[in-house]
Amino acid sequence: MKIRSFILIVLLVGAFVYLTSYSNFHGLPKAPLAKLWRESPMHLTEADAQPAYTQEEANRIAVYKRALPSVVNVTSSALAFDFFYGVVPQNGQGSGFVLTKDGRVITNYHVIQNAQNVEVTTSDKRTYKAQIILQDKAHDLALLQINAKTLTPSILSESSDLQVGQNVYAIGNPFGLNGTMTTGIISSIRSVQEPQGPTIDKALQTDAAINPGNSGGPLLNSRGEVIGMNTLIATGGAEQNSGIGFAIPIDTIKAVLSDYSKYGRVRRPSLGIASLAIGPDLAEQIGLPADYGVLVQKVIPSGAAERAGLKGGTQQAYLGNTPIYLGGDLIVAIDNDRVTNPQDVSEIMDRHQAGDTVTVTFFRGSRKMTAKLTLAEAHSVSV
């Protein structure tokens, strides 16, 4: 009996060894049991040690590394009274970028508006108390000074030759998420009015994601150079990005800084008008004597246009959902330079200083007229 049991055990062990080591048993389709026994159950494919980036990815990474040290976080605080006249703190947050190695930083005016304390945090996590040395509500710009000596200045480009469709990059602190980068293109270049009144001439419209907290941060070109300051988003009431954001062009910022450097304050020239671009279709609908130009909507009280006798519109109408005013003068040229839209006016203003005299050609009704205007300093106007 013991011998039988021993023989049975030997046979069972031998059969097991044969099946697992020498047999091509096909119990599993295309997977011999011997192979399954001897091989690892998983085969992993590992990525290369050094990831290969596309040229576009490599350029984005280079732009980020180049620009990030110049981008700062700006926080502001003020004290206000609640319904029961209790003192409550109010905090605001935005972005900015470094202009000089010794601590000059620029941001939006609305980021620090009414602030009693302003702090700037640099990309290396150092926080400095900031002094506000320039507030320019008309252009929504503010210049700050912090006590730092070894900052990395931003490289400022130009905005006069920008093209719709070119790549842009935004870096800032949306919702407090420091050092966030988004990408997109220039979607359009147009004048837009901010909620508080100022109009941004030649604003850079972009689909790069811009959210609360991005205000004051740089908009960059593909070389990592600043071409604008992220300022405004069209939200449709959602208070977040909807694919339509706007930046102040860098040429406007440089002009403001140039004024400050020369005069200690901003003296950007202005015609003192709010205007509407006119094209052939609109001119025909309204019955204007020329199929181009800018129609004066309003004149700023005591501004250059009003002092020279130009008239704004008096009859309210609607262009789509946008209210406009008809009956004002139609400006077609300034100093013999043809004017077709507000951007043309802005470019002409960039060649002048407040106090300069220009000759404006315009139609009042069907009568063509000229007037000499002494340019005043820019102020905001609401239409």
Gap separating the [atom1] atom of [X] from the [atom2] atom of [Y], nearest 0.5 angstrom:
| X | Y | atom1 | atom2 | result |
| --- | --- | --- | --- | --- |
| Leu99 | Gln145 | CG | CD | 10.0 Å |
| Phe246 | Gln205 | CZ | CD | 4.5 Å |
| Leu295 | Ile286 | CG | CD1 | 6.0 Å |
| Ile189 | Thr206 | CD1 | OG1 | 11.0 Å |
| Arg60 | Tyr53 | CZ | OH | 11.5 Å |
| Leu220 | Thr183 | CG | OG1 | 11.5 Å |

Short side-chain to backbone donor-acceptor contact, [X] and [Y], under 3.5 Å:
| X | Y | value |
| --- | --- | --- |
| Asp344 | Thr340 | yes |
| Ser70 | Thr152 | yes |
| Glu57 | Thr54 | yes |
| Asn117 | Ser76 | no |
| Ser270 | Gly272 | yes |
| Glu377 | Ala354 | no |

Does CG belonging to Asn336 count more than 12 external heavy atoms closer than 6.0 Å?
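No, CG of Asn336 has 12 or fewer neighbouring heavy atoms, counting only those of other groups under 6.0 Å.
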Take atom CD in Gln316; do more than 12 heavy atoms of anything else shown fall under 6.0 Å from it?
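Enclosed: over 12 neighbouring heavy atoms sit under 6.0 Å from CD of Gln316.
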Hydrophobic clusters here meaning ILVMFWY residues chained together by side-chain heavy-atom distances under 4.5 Å, can you tell me if [X] and [Y] are in one?
| X | Y | answer |
| --- | --- | --- |
| Ile227 | Tyr64 | no |
| Tyr109 | Ile253 | no |
| Ile185 | Leu204 | no |
| Leu141 | Leu232 | yes |
| Val71 | Val226 | yes |

Identified side chain to side chain contact (heavy atoms under 4.5 Å, CB included) counterpart of [X] within the set [options]:
| X | options | value |
| --- | --- | --- |
| Asp251 | Ser159, Ser346, Ser157 | Ser159 |
| Ile273 | Ile331, Ile300, Leu373 | Ile331 |
| Phe97 | Ile106, Val105, Val72 | Ile106 |
| Arg104 | Leu144, Val98, Ile133 | Ile133 |

Yes or no on side chain to side chain contact (heavy atoms under 4.5 Å, CB included) for Val63 and Ile61, after CA distance, side-chain angles and deciding distance?
CA-CA 5 Å; Val63 167; Ile61 293 168; over 6 Å; no
Quick one: is the NZ or CZ of Arg338 closer than 6.0 Å to the six-membered ring centre of Tyr292, and within 45° of its axis?
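Positive - Arg338 is close enough to the ring of Tyr292 and near enough to its axis.
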Please confirm whether Lys368 makes a cation-pi placement over Phe362, using NZ or CZ under 6.0 Å from the six-membered ring centre and within 45° of the ring normal.
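No, Lys368 does not lie over the aromatic ring of Phe362.
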Hey, are [Y] and [X] close enough side-chain-wise for a donor-acceptor pair under 3.5 Å?
| X | Y | result |
| --- | --- | --- |
| Thr370 | Thr361 | no |
| His110 | Ser215 | yes |
| Thr231 | Asn108 | yes |

Would you check, one step at a time, whether the test side chain to side chain contact (heavy atoms under 4.5 Å, CB included) holds for Leu68 with Ile171?
CA-CA 7 Å; Leu68 183 62; Ile171 300 181; 4.3 Å; yes
For [X] against [Y], the heavy-atom pair lying closest together:
| X | Y | result |
| --- | --- | --- |
| Ala376 | Arg307 | CB-NH2, 4.0 Å |
| Ser187 | Val164 | O-CG1, 3.4 Å |
| His352 | Leu375 | CB-CD1, 3.7 Å |
| Val74 | Val111 | CG1-CG1, 3.9 Å |
| Leu219 | Ala247 | CD2-CB, 3.9 Å |
| Ile112 | Ile132 | CD1-CD1, 3.9 Å |

Got [X] and [Y] here, is their nearest side-chain heavy-atom distance under 4.5 Å?
| X | Y | value |
| --- | --- | --- |
| Val358 | Lys372 | no |
| Lys149 | Asn147 | yes |
| Tyr169 | Met181 | yes |
| Val296 | Val294 | no |
| Leu151 | Thr122 | yes |
| Leu162 | Ile186 | yes |
| Asp136 | Val256 | yes |
| Gln353 | Tyr263 | yes |

Given Arg351, which of Asp335, Asp337, Asp356 fulfils the side-chain hydrogen bond (donor to acceptor under 3.5 Å, both in side chains) condition?
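Single pass found, and it is Asp337.
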Steps toward side chain to side chain contact (heavy atoms under 4.5 Å, CB included) verdict (Arg265, Asp259):
CA-CA 6 Å; Arg265 60 190 178 92; Asp259 275 2; over 6 Å; no
Side chain to side chain donor-acceptor pair (under 3.5 Å), that's the test. Do Ser95 and Asn214 meet it? Break it down for me.
CA-CA 6 Å; Ser95 305; Asn214 272 114; 5.1 Å; no
I'd like to know if Lys311 pairs up with Glu306 as an ion pair, taking the criterion as any Lys NZ or Arg NE/NH1/NH2 lying under 4.0 Å from an Asp or Glu carboxylate oxygen.
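Salt bridge: no.
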Arg66 vs Arg223, test: side chain to side chain contact (heavy atoms under 4.5 Å, CB included). Steps then yes/no.
CA-CA 9 Å; Arg66 184 180 192 183; Arg223 296 184 296 275; 4.2 Å; yes
